[in-house]
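These numbers were taken from a predicted model, which means no experiment stands behind them.
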Amino acid sequence: GVLPSQQSILDECLASNIPSMRLQWHYRSRHESLIAFSNAKYYRGELITFPSPVTRDDAVRYIHVEGGVYERGGSKTNRKEAQAVVGEVVRRLKTAPQSIGVVTFNGEQQRLIENLLDQERRSDPSLDRFFDRGQTPEPTFVKNIENVQGDERDVIIFSVAVGPDQTGRVTAQISSLNGAGGHRRLNVAVTRARSELLVFAT
């Protein structure tokens, strides 16, 4: 087939002068803070949301990973951050009845986290049921920002990975975001959580 000339099917529709209608309702987030960024930055503050009765809203949190190193030009991973994310996932699977999704900003960090989770599952097979669609309605997933469209979970954990390299230099280049259509991927990624969004970064 012929590839469309525009970045997305939405752009293709707009270019074809198909009448547009703005999204007005947002149903997923159980806390206002989970949709506040997208509402302000993408929807001009026009989304009708359903705020939680909880006034102290800490549903979006930043978790600082001390001493993480981004292997820039090498594996493109941050092992310490991946270990922290996997520790959080395992702790939650063992103690809380919530579904979990992990979103990474590149495929390399995704694979590292998947491998570390596989190690945890081998050492504790009781974790397997949380990854099996036959045993749980919403299995734990690990995806990168390029392919997380359509998913939702109670808790979404971001692994940013980029940060100081071995020399302490910080890079701000995240190809999945800095490239064409990156702003759309970010909007999709930050609106997957029903209850909590945790951002792990060094």
Side-chain angles (χ1 to χ4, degrees), residues 28-30 34 37-38 59-72 74-163 171 173-179 181-202:
R28 182 178 297 115
S29 304
R30 293 182 188 148
L34 289 166
F37 171 79
S38 286
V60 178
R61 283 185 292 134
Y62 169 64
I63 315 260
H64 181 69
V65 178
E66 195 68 47
V69 172
Y70 177 58
E71 302 281 342
R72 190 167 61 89
S75 66
K76 294 189 174 71
T77 60
N78 185 326
R79 180 165 284 272
K80 212 160 198 177
E81 187 181 298
Q83 290 167 336
V85 166
V86 168
E88 182 73 16
V89 170
V90 170
R91 183 185 69 75
R92 283 172 174 266
L93 291 178
K94 288 181 174 180
T95 60
Q98 294 176 301
S99 61
I100 300 174
V102 178
V103 180
T104 67
F105 283 80
N106 68 35
E108 292 82 2
Q109 187 78 352
Q110 174 194 4
R111 284 184 285 280
L112 174 57
I113 290 172
E114 285 173 336
N115 291 339
L116 292 173
L117 276 172
D118 284 344
Q119 288 175 23
E120 293 287 339
R121 290 169 64 183
R122 279 196 295 275
S123 64
D124 184 356
S126 72
L127 293 170
D128 283 343
R129 65 190 178 94
F130 298 108
F131 296 81
D132 179 1
R133 193 167 289 285
Q135 296 185 66
T136 183
E138 291 190 331
T140 301
F141 70 72
V142 183
K143 296 188 175 186
N144 73 37
I145 200 168
E146 307 274 349
N147 56 19
V148 72
Q149 188 127 12
D151 296 289
E152 61 180 73
R153 292 293 185 270
D154 296 326
V155 180
I156 293 291
I157 297 175
F158 274 171
S159 179
V160 176
V162 297
T171 179
Q173 182 71 23
I174 303 176
S175 58
S176 57
L177 298 184
N178 293 81
H183 64 294
R184 280 196 204 89
R185 290 187 202 105
L186 181 64
N187 186 38
V188 167
V190 299
T191 55
R192 302 297 95 202
R194 297 190 200 101
S195 299
E196 270 185 282
L197 175 63
L198 306 179
V199 180
F200 279 71
T202 299

Heavy atoms only: give me the nearest Val155-Gln98 pair and the separation to one decimal. CG2-OE1, 3.6 Å
Is there a side-chain contact between Leu198 and Arg92, using heavy atoms and a 4.5 Å cut-off? yes
Looking only at heavy atoms, the pair that brings Asn144 and Glu146 closest together is OD1-N, 2.8 Å
Polar side chain donor-acceptor pair, Ser38 to Asn187, under 3.5 angstrom: yes
Salt bridge (Lys or Arg N to Asp or Glu O under 4.0 Å) contacts in which one or both residues fall within residues 63-72, not counting sequence neighbours: Arg72-Asp165
Shortest non-hydrogen contact between Glu120 and Val86, atoms and distance: CG-CG1, 3.7 Å
Closest heavy-atom pair, Asn78 versus Gly68, reported as atoms and distance to 0.1 Å, is OD1-CA, 3.6 Å
Side chain proximity check, Thr202 to Tyr70, heavy atoms < 4.5 angstrom: no
Measure the CG-NZ distance between Asp151 and Lys143 for me, rounded to the nearest 0.5 Å. 3.5 Å
Contact between Pro139 and Arg133 at the side-chain level, heavy atoms closer than 4.5 Å - yes or no? yes
Pair up each side-chain donor or acceptor in residues 111-119 with any protein partner under 3.5 Å, not counting sequence neighbours, and list the distances.
from: Glu114; atom 1: OE2; to: Gln110; atom 2: NE2; distance (Å): 3.4
from: Asn115; atom 1: ND2; to: Arg111; atom 2: O; distance (Å): 3.3

Assess the side chains of Ser99 and Glu138: does a donor N or O sit below 3.5 Å from an acceptor N or O? yes
Please tell me if the side chains of Val162 and Phe105 come closer than 4.5 Å, counting only heavy atoms from C-beta onward. no
Smallest separation among heavy atoms of Ala193 and Glu196, with atom names: CB-O, 3.2 Å
Starting from the C-alpha separation in whole Å, work towards a yes-or-no answer on side chain to side chain contact (heavy atoms under 4.5 Å, CB included) for Ile174 and Asn106. CA-CA 8 Å; Ile174 303 176; Asn106 68 35; over 6 Å; no
Mind checking the CZ-CG spacing from Arg184 to Leu186? Nearest 0.5 Å is all I need. 12.5 Å
